[in-house]
*Asks:* 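Would you mind keeping the following structure in view while I ask a few things?
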2 protein chains.
Amino acid sequence: MRNTNAKSEIQNLIAESTVALSHTEIQAATKGLCDRVTIYRVLDRLVDEGQVHKIINVDGVVKYANCHSCTDHTHTHAHAHIHFSCQKCKSVTCLTDVEPIFKLPKKYKVSEMNFTLSGLCPQCS
Amino acid sequence: MRNTNAKSEIQNLIAESTVALSHTEIQAATKGLCDRVTIYRVLDRLVDEGQVHKIINVDGVVKYANCHSCTDHTHTHAHAHIHFSCQKCKSVTCLTDVEPIFKLPKKYKVSEMNFTLSGLCPQCS
DNA sequence: TTTCATCTTGCAACAGAGTTGCGAATATAG
DNA sequence: CTATATTCGCAACTCTGTTGCAAGATGAAA
């Protein structure tokens with residue numbers, strides 16, 4: 001996996017953002033850096049590398065965020081933390097260190113968790 | 001809000017299904033009943049009426065399920081239960097009576113919850 | 001039952017998100 | 001520096017969902 005201009009720029013952008021970013025936001029922020037398609041391909045690569053994780057927001061918008069708190073960087077590592085989705089500013093934030101507790105029927109085999117709370121973020125409330 | 005053929009057929013289909021259904025699945029199951037666009041509009045109406053709830057799966061696929069356990073049928077009522085998404089057969093099931101417990105920073109104002117567990121469903125494991 | 005305003009439908013066209021094929025450009029190991 | 005596998009840009013395409021509008025259906029009231 002090669003280190004290209006587009007890749008490092010996009011990786012930095014995501015790493016420095018406090019909220020998860022969508023393809024559209026990344027495209028706007030890197031204006032003219034590279035083609036739309038390249039952004040999609042770079043994002044796929046970053047996810048494969050385990051540098052970044054992909055979040056599907058409750059409104060269906062796909063966002064990408066840095067794996068700040070993840071020590072395991074294989075592409076299949078789990079993200080057992082809560083995401084917060086602001087209904088006003090549409091920002092998505094990773095709430096690290098907030099692990100939910102639940103019990104469920106034994107017949108199900110769980111391998112991944114996806115927990116998103118919606119409402120107002122500190123900036124909007 | 002009127003009672004039409006398309007609406008009642010689609011409502012029955014969703015009500016009788018044990019798993020959440022996507023637009024594509026509904027279209028296949030009602031083959032020729034009505035136009036693609038009508039299905040989208042009927043689904044929107046059913047959600048507005050509070051008869052059905054809309055689920056965005058972890059893979060981004062939009063699914064619709066009956067509000068079995070909901071007594072409140074206003075269009076904004078909350079669904080505080082877990083969804084289970086099978087990675088093999090792609091089915092999405094509502095796990096009623098499984099309420100998760102969690103604590104989070106006070107600065108956030110939560111109004112909605114979205115919790116999906118992925119893995120293998122009883123049929124697939 | 002007939003009328004009529006209003007809601008619903010079908011069609012066509014459009015919009016946005018993401019994917020694919022391919023030839024050209026380029027990063028990096030040797 | 002060269003060779004080669006990776007990455008890029010472009011164009012075209014797919015899939016999902018939306019919108020405008022004319023025609024058709026619903027159901028409440030006369």
Side-chain angles (χ1 to χ4, degrees), chain A residues 1-14 17 19-65 75 83 85 90-92 114 116, chain B residues 1-14 19-65 73 75 83 85 90-92 114 116:
Chain A
M1 218 157 268
R2 288 179 188 175
N3 214 3
T4 66
N5 210 324
K7 189 189 155 187
S8 48
E9 291 271 341
I10 292 170
Q11 189 167 6
N12 285 341
L13 190 68
I14 294 172
S17 176
V19 295
L21 299 172
S22 66
H23 173 271
T24 311
E25 288 161 342
I26 292 168
Q27 191 174 3
T30 58
K31 206 162 181 106
L33 168 71
C34 65
D35 194 75
R36 228 167 58 77
V37 179
T38 301
I39 300 178
Y40 280 116
R41 294 199 263 227
V42 166
L43 290 171
D44 283 349
R45 266 188 287 154
L46 290 172
V47 170
D48 280 350
E49 281 183 352
Q51 299 297 319
V52 152
H53 70 282
K54 187 177 183 173
I55 307 164
I56 311 257
N57 196 8
V58 283
D59 57 5
V61 176
V62 176
K63 303 232 173 184
Y64 297 88
H75 76 113
H83 292 136
S85 172
K90 306 289 174 194
S91 69
V92 174
N114 232 283
T116 305
Chain B
M1 218 157 268
R2 288 179 188 175
N3 214 2
T4 66
N5 211 323
K7 188 188 156 190
S8 46
E9 292 271 340
I10 292 170
Q11 189 166 8
N12 285 341
L13 190 67
I14 295 171
V19 296
L21 299 173
S22 68
H23 173 271
T24 311
E25 289 163 339
I26 292 167
Q27 192 175 2
T30 58
K31 205 161 183 106
L33 168 72
C34 64
D35 194 76
R36 223 167 63 79
V37 178
T38 301
I39 299 178
Y40 281 114
R41 294 201 263 228
V42 166
L43 290 171
D44 283 347
R45 267 188 284 151
L46 290 172
V47 170
D48 281 350
E49 281 183 351
Q51 299 297 319
V52 152
H53 70 283
K54 187 177 182 171
I55 307 162
I56 313 256
N57 196 10
V58 283
D59 58 4
V61 176
V62 177
K63 303 232 173 183
Y64 297 88
H73 273 194
H75 76 115
H83 292 136
S85 174
K90 306 290 174 193
S91 68
V92 174
N114 232 283
T116 305

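This one's a predicted model, so the numbers in the text were calculated from it and none came from an experiment. The figures here come from the full heavy-atom set of this structure, side chains too, leaving out hydrogens, waters and symmetry mates.
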*Asks:* Should the side chain of A:Arg36 and the base of C:dG18 be counted as holding a donor-acceptor pair, with the cut-off at 3.5 Å?
*Replies:* yes

*Asks:* Can you tell me the distance, in whole Å, between the CG atom of A:Asp35 and the C1' atom of C:dT19?
*Replies:* 13 Å

*Asks:* Expressed in angstrom and rounded to an integer, what is the separation of A:Lys63 atom NZ from C:dG18 atom C1'?
*Replies:* 17 Å

*Asks:* Between atom CG in A:Asp44 and atom P in D:dT6, what is the gap in whole Å?
*Replies:* 16 Å

*Asks:* Could you walk me through whether B:His53 and B:Tyr64 satisfy the ring-ring contact (aromatic ring centres under 6.0 Å, His included) test, starting with their C-alpha distance in whole Å, then the side-chain angles of each, then the deciding distance to 0.1 Å, before giving a yes or no?
*Replies:* CA-CA 6 Å; B:His53 70 283; B:Tyr64 297 88; 9.4 Å; no

*Asks:* When the distance from NZ of A:Lys7 to P of D:dT7 is rounded to whole Å, what number comes out?
*Replies:* 8 Å

*Asks:* Would you check if the side chain of A:Ser8 reaches a backbone N or O of A:Asn5 as a donor-acceptor pair within less than 3.5 Å?
*Replies:* yes

*Asks:* Would you say B:His23's side chain and B:Arg36's backbone share a donor-acceptor pair under 3.5 angstrom?
*Replies:* yes

*Asks:* To the nearest Å, how far apart are A:Tyr40 OH and C:dG16 C1'?
*Replies:* 8 Å

*Asks:* For B:Asn3, report the nucleic acid contact type (base, sugar-phosphate, nothing); a contact means any heavy atom under 4.0 Å.
*Replies:* sugar-phosphate

*Asks:* Please check this pair: side chain of A:Thr30 against backbone of A:Ile26, looking for a donor-acceptor N/O pair closer than 3.5 Å.
*Replies:* yes

*Asks:* Are OP1 or OP2 of C:dT8 and a side-chain N or O of B:Arg45 less than 4.0 angstrom apart?
*Replies:* yes

*Asks:* C:dT8 C1' sits how many Å from B:Arg2 CZ, rounded?
*Replies:* 7 Å

*Asks:* Can a side chain N or O of A:Thr4 be found less than 4.0 Å away from OP1 or OP2 on D:dT6?
*Replies:* no

*Asks:* Which sits closer to the 5' end of DNA chain C, A:Arg41 or B:Ala6, going by the nucleotide each is nearest to?
*Replies:* B:Ala6

*Asks:* Which nucleotide in the list C:dC7, C:dT19, C:dT9 gets nearest to the side chain of B:Val42?
*Replies:* C:dT9

*Asks:* By nearest heavy atom, map B:Met1 and B:Gly60 onto DNA chain D; which one lands nearer the 5' end?
*Replies:* B:Gly60

*Asks:* Would you mind reading off the distance between B:Leu43 atom CG and D:dT18 atom P, rounded to a whole angstrom?
*Replies:* 10 Å

*Asks:* Write down the distance between CG (B:Asn5) and P (D:dG24), rounded to a whole number of angstrom.
*Replies:* 17 Å

*Asks:* Quick one: does any side-chain atom of A:Ser22 pair with a main-chain N or O of A:Glu25 as donor and acceptor, under 3.5 Å?
*Replies:* yes

*Asks:* As a test of reading the structure: which of C:dT19, C:dC11, D:dC8 is closest to the side chain of A:Val37, going by heavy atoms?
*Replies:* C:dT19

*Asks:* Go nucleotide by nucleotide along DNA chain D from the 5' end; which of A:Leu33 and B:His23 gets its closest nucleotide reached first?
*Replies:* A:Leu33

